[in-house]
Number of protein chains: 2
Amino acid sequence: MAGRGRPREFDRNQALVRAMEIFWEKGFEGTSMVDLTSGMGIGAPSLYAAFGSKEELFRQAVALYVATDGSDIWGAISKADTAYGAVEGFLMETANKFTRAGKPSGCLVVLSALHSTDGNEALRSELVAKRRKNTADLAARLAKGIETGELPPGTDVDRLARFYVTVQQGMSIQARDGADRATLEEVARSALKAWGPLTMVSQGGQ
Amino acid sequence: MAGRGRPREFDRNQALVRAMEIFWEKGFEGTSMVDLTSGMGIGAPSLYAAFGSKEELFRQAVALYVATDGSDIWGAISKADTAYGAVEGFLMETANKFTRAGKPSGCLVVLSALHSTDGNEALRSELVAKRRKNTADLAARLAKGIETGELPPGTDVDRLARFYVTVQQGMSIQARDGADRATLEEVARSALKAWGPLTMVSQGGQ
DNA sequence: CCATTTATGAAATGATCGTTACATAAATAG
DNA sequence: CTATTTATGTAACGATCATTTCATAAATGG
């Protein structure tokens with residue numbers, strides 16, 4: 001190892017962390033190359049040599065986000081030993097991660113590329129796929145709750161997962177609008193109050 | 001009336017509707033002047049003469065949205081004769097308006113300017129204020145439910161309003177990701193299942 | 001008919017966009 | 001040492017950005 005030519009003068013991972021934070025704060029389209037190079041402390045040729053392009057850099061920033069904050073948030077559903085606990089942990093970790101001081105608020109994956117612009121279809125569909133995958137993973141965890149007897153057979157786990165994912169996506173916007181951790185936890189607890197009514201088979205009403 | 005100079009050759013309202021749809025689809029920053037002028041069928045000088053600037057045009061587009069779709073959605077809370085019916089009507093109208101064929105999905109006010117970029121603070125804070133105002137209006141309607149005896153005294157109407165607004169904001173993202181009307185209605189009904197538990201004073205738990 | 005006012009289309013403005021050429025610097029291989 | 005390889009900083013690239021200039025067109029007022 002230890003390549004042949006002149007060694008890189010910056011820390012690649014550290015620069016990627018900075019790029020992630022900038023994209024997270026300003027969005028893909030709202031971030032300019034000047035934002036990136038000045039924020040990462042490197043020149044444009046170094047950025048292109050190390051990351052390929054602005055779009056490739058964004059992909060790697062998303063991958064880093066998914067592997068860190070995203071992993072903490074969505075990993076909570078596999079840590080809990082009940083389906084309810086999975087949703088609770090997922091939403092509570094969301095409230096935490098969406099509101100840390102010194103970090104952009106909300107979720108990079110949810111807030112990025114919500115609009116269809118000219119050359120965005122690729123990135124946009126990749127992010128849509130990630131969000132769908134997360135929903136499917138939650139539904140799969142809930143389905144295990146049927147197997148264990150925690151949830152009654154016939155529970156619509158897709159509906160359940162979609163509802164809680166929708167709440168979590170709304171929490172991204174609430175965080176962007178200034179909601180603090182306690183407020184988001186309150187939203188999470190409110191959503192969890194629907195758990196009982198939602199996990200009885202066809203029992204309706206207000 | 002009927003001004004002095006050469007008459008305008010396009011319909012101002014009709015052009016504004018087109019501008020609204022373009023901004024709604026592509027966002028403020030994702031929309032270029034070429035997008036606007038070609039979509040509206042007018043030249044740039046005509047746009048500037050009629051609307052002032054891209055930013056001013058966006059403001060007028062938002063105002064139009066608020067006065068039309070926004071009015072249908074948020075007006076539902078004043079049409080219902082119960083607090084529950086207000087929330088129900090608001091969410092069901094949301095599911096309808098967010099998913100109409102031929103129209104951009106989700107909400108123009110919610111999806112626009114979620115990121116802080118260079119010259120966006122003004123627009124962004126205006127939209128944040130609109131979202132806050134909507135939440136406050138819903139809370140005020142819920143507070144009337146306490147007066148009428150529908151809701152127990154001490155009901156935290158701010159918490160209740162914030163929860164349902166969060167769900168509705170999540171529905172914007174779900175709509176952008178392709179959810180259809182029936183799916184969003186299902187999300188709405190799921191959220192409404194929390195109504196009972198949320199409107200009892202301090203009665204906790206799963 | 002002429003002066004004034006407003007609107008339009010074409011073209012240009014300077015600024016900024018993402019990206020790259022190029023000369024130079026700093027490392028290793030022989 | 002020289003040759004090769006990779007990284008860096010400066011400065012440019014063409015494209016596109018929002019906005020404006022300008023000449024011309026189409027209306028009204030006198």
Side-chain angles (χ1 to χ4, degrees), chain A residues 1-16 18-19 22-23 25-62 112-113 115-124, chain B residues 1-16 18-19 22-23 25-62 112-113 115-124:
Chain A
M1 279 292 154
R4 284 223 289 203
R6 174 176 176 175
R8 181 179 287 138
E9 293 183 359
F10 63 95
D11 184 287
R12 209 197 113 104
N13 294 333
Q14 187 172 312
L16 181 56
R18 282 294 298 131
I22 296 166
F23 279 131
E25 174 71 28
K26 313 182 104 165
F28 175 69
E29 322 221 39
T31 299
S32 70
M33 281 297 300
V34 174
D35 292 330
L36 290 168
T37 53
S38 69
M40 300 164 80
I42 63 178
S46 298
L47 189 155
Y48 276 79
F51 301 104
S53 68
K54 183 193 170 188
E55 180 168 336
E56 267 309 309
L57 176 58
F58 180 79
R59 283 196 175 87
Q60 297 177 46
V62 169
S112 293
H115 296 284
S116 299
T117 59
D118 292 327
N120 274 71
E121 297 89 15
L123 277 185
R124 187 167 141 65
Chain B
M1 280 293 155
R4 284 220 290 204
R6 174 177 175 175
R8 179 178 289 138
E9 292 183 0
F10 63 95
D11 183 286
R12 210 197 112 104
N13 294 334
Q14 188 174 309
L16 182 55
R18 283 293 300 128
I22 296 166
F23 279 131
E25 175 71 29
K26 313 183 105 166
F28 175 69
E29 323 222 38
T31 300
S32 70
M33 282 296 299
V34 174
D35 292 330
L36 290 168
T37 53
S38 69
M40 300 165 80
I42 64 177
S46 298
L47 190 154
Y48 276 81
F51 301 103
S53 67
K54 184 192 170 189
E55 180 168 335
E56 266 309 309
L57 175 58
F58 180 79
R59 283 197 176 86
Q60 295 177 48
V62 169
S112 294
H115 295 285
S116 298
T117 60
D118 290 329
N120 273 71
E121 295 89 14
L123 275 186
R124 187 167 142 63

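Residue numbering restarts at 1 for every chain, and letters A, B, ... go by the order of the sequence lines.
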Problem set entry | Atom pair OG1 (B:T117) and CG (A:D35), whose distance is rounded to the nearest 0.5 Å |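 CG of A:D35 is found 9.0 Å from OG1 of B:T117.
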
For this session: Could you tell me whether B:K54 sits above the aromatic face of B:F28, with NZ or CZ closer than 6.0 angstrom to the six-membered ring centre and within 45 degrees of the axis?
Result: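 Here B:K54 passes the 6.0 Å and 45° test against B:F28.
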
Spacing between [X] atom [atom1] and [N] atom [atom2], to the nearest angstrom:
X     : N      : atom1 : atom2 : answer
A:R4  : C:dG30 : CZ    : C1'   : 10 Å
B:M33 : C:dT13 : CE    : P     : 18 Å
A:F51 : D:dA7  : CZ    : C1'   : 14 Å
A:K54 : C:dT20 : NZ    : P     : 14 Å
A:E29 : D:dC17 : CD    : C1'   : 13 Å
A:L36 : C:dG18 : CG    : P     : 8 Å
A:I42 : C:dG18 : CD1   : P     : 14 Å
A:L47 : D:dT8  : CG    : C1'   : 13 Å

Exercise. Should A:I42 and A:L36 be marked as a side chain to side chain contact (heavy atoms under 4.5 Å, CB included) after you check the CA-CA gap, both sets of side-chain angles, and the distance that decides it?
Worked result: CA-CA 8 Å; A:I42 63 178; A:L36 290 168; over 6 Å; no

For this session: Check the pair A:L57, A:F23 against side chain to side chain contact (heavy atoms under 4.5 Å, CB included), reporting the backbone distance first and the verdict last.
Result: CA-CA 10 Å; A:L57 176 58; A:F23 279 131; 3.9 Å; yes

For this session: Using a 4.0 Å cut-off on protein heavy atoms (strictly under), produce a 5'-to-3' string for nucleotides 10-16 of chain D with B for base contact, S for backbone-only sugar-phosphate contact, and - for none.
Result: B------

For this session: Counting heavy atoms from C-beta on, name the nucleotide in D:dT19, D:dA7, D:dT4 closest to the side chain of B:Y48.
Result: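 Among D:dT19, D:dA7, D:dT4, the one nearest the side chain of B:Y48 is D:dT19.
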
Exercise. What nucleotide among C:dT19, C:dC17, C:dA29 has an atom nearest to a side-chain atom of A:V34?
Worked result: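 For A:V34, the side-chain atoms sit closest to C:dC17.
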
For this session: Give me the residues of residues 5-14 of chain A where at least one heavy atom lies under 4.0 Å from an atom of DNA chain D, by number, or none.
Result: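 The answer is A:G5, A:R6, A:P7, A:R8, A:E9, A:F10.
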
For this session: Using a heavy-atom cut-off of under 4.0 Å over every strand shown, decide if B:T37 touches base, sugar-phosphate, or nothing.
Result: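 Counting heavy atoms under 4.0 Å across all strands, no contact is made by B:T37.
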
Residue pair [X] / [Y], side-chain heavy-atom distance below 4.5 Å:
X      : Y      : result
A:Q60  : A:E56  : yes
B:H115 : B:N120 : no
B:T31  : B:E25  : no

Exercise. Counting just side-chain N and O atoms, does B:S46 come under 4.0 Å of either OP1 or OP2 of C:dT8?
Worked result: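 The answer is yes; a side-chain N or O of B:S46 sits under 4.0 Å from OP1 or OP2.
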
For this session: If the plane angle is over 60° it's perpendicular, under 30° parallel, otherwise tilted; pick one for A:F10 and A:F51.
Result: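 Correct class here is tilted.
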
For this session: May I ask you to say whether B:E121 pairs ionically with B:R124, meaning some side-chain N is under 4.0 Å from a carboxylate O?
Result: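 Answer for the salt bridge query: no.
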
